[in-house]
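Data first, discussion second: the structure below is written as structure tokens.
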Amino acid sequence: MLLHSIVEQPLDHIHINGRDYQVCLTFDKVIKFYNTIDSKHVSERQIIASFFELVPDAQPKDFTLSQIVKALSFFMDYINYSPYGSQGRVDVTGQALTQSSDTKYYDFFQDAQIIYASFLMYANIDLYDQIGKLHWDKFQAILMCLPDESMFRKVVDIRQRQPNDEERKDGKFVASLNQQKEYYKLKDSRQLKNNAISREIGGV
């Protein structure tokens, strides 16, 4: 099977132990998967549980830990695949894949509203209606090709942009850009999620 090909269906099964297992790589499952492994204190149990979220008809007794880790590594390579370049690649969270860089340009938790609105406005796709349906390949292709006019692309551009030599001479421009960078800067998504949970528990 050709991976990431327009002449083959997106990945929907994996072959392990002589059997094909259905794989659920809808965009919401993939994002939740990365929310799990993005934790600073992710446990082995959480990692194993994430495998069975992506392979829902699998049974724990049928797999060794080594097989689960190997399958998850395959899923991560598949999800993070980019046909363009190598040094400039980013993972599902927008973070550079180079080990020496912690640069991150978007976050599915913090930027949820602008991603939702951009999909609705420019692709006529209501992501809430697509939960459990829209494959990650389709979601990622649309996300990466949203037009520059979309709010998502504008915010990413602000975070990435560095003024050139001519622009640095314009104090007002630099001040305005820095103000926008500060307003749209990425926060710790783990803390954002913890705050949301605390508000829900507290009934706020």
With a 4.5 Å limit on heavy-atom distance, are the side chains of [X] and [Y] in contact?
X    : Y    : result
T26  : H135 : no
L143 : F119 : yes
I14  : I16  : yes
F139 : L127 : yes
V55  : C24  : no
F52  : I68  : yes
Q162 : K181 : yes
S43  : Q46  : yes

If I compare all heavy atoms of [X] with all of [Y], which pair ends up nearest, and what's the gap?
X    : Y    : value
K154 : D148 : CG-O, 3.5 Å
P147 : S150 : O-OG, 2.7 Å
G132 : D28  : N-OD1, 2.9 Å

At what distance, to the nearest 0.5 angstrom, does [atom1] of [X] lie from [atom2] of [Y]?
X    : Y    : atom1 : atom2 : value
I47  : L72  : CD1   : CG    : 7.5 Å
I158 : Y183 : CD1   : OH    : 10.5 Å
Q140 : L25  : CD    : CG    : 12.0 Å
S118 : I142 : OG    : CD1   : 12.0 Å
Q130 : K138 : CD    : NZ    : 8.5 Å
D137 : I6   : CG    : CD1   : 12.5 Å

Whether the side chain of [X] engages the backbone of [Y] through a donor-acceptor N/O pair (distance < 3.5 Å, no angle test) should be reported.
X    : Y    : value
N164 : E166 : yes
N178 : V174 : yes
E182 : L177 : no

Q | Pair D62-Q67, side-chain donor/acceptor within less than 3.5 Å | A | no
Q.
Testing the 3.5 Å rule here: is there a donor-acceptor pair between the side chains of H15 and D20?
A. yes
Identify whether the distance between the nearest side-chain nitrogen and carboxylate oxygen of [X] and [Y] falls below 4.0 Å.
X    : Y    : value
E53  : K29  : yes
R159 : D107 : no
E167 : R161 : yes

Under a single-linkage definition using a 4.5 Å side-chain heavy-atom cutoff for Ile, Leu, Val, Met, Phe, Trp and Tyr, are [X] and [Y] assigned to the same hydrophobic cluster?
X    : Y    : result
I131 : I115 : yes
Y184 : F173 : no
L11  : L134 : yes

Please report whether the ring centroid of [Y] lies less than 6.0 Å from that of [X].
X   : Y    : result
Y34 : F108 : no
F33 : F75  : no
F63 : Y21  : yes

Q.
As a quick check of understanding, evaluate side chain to side chain contact (heavy atoms under 4.5 Å, CB included) for L186 and Y105, giving each step before the final call.
A. CA-CA 8 Å; L186 287 171; Y105 298 119; 5.6 Å; no
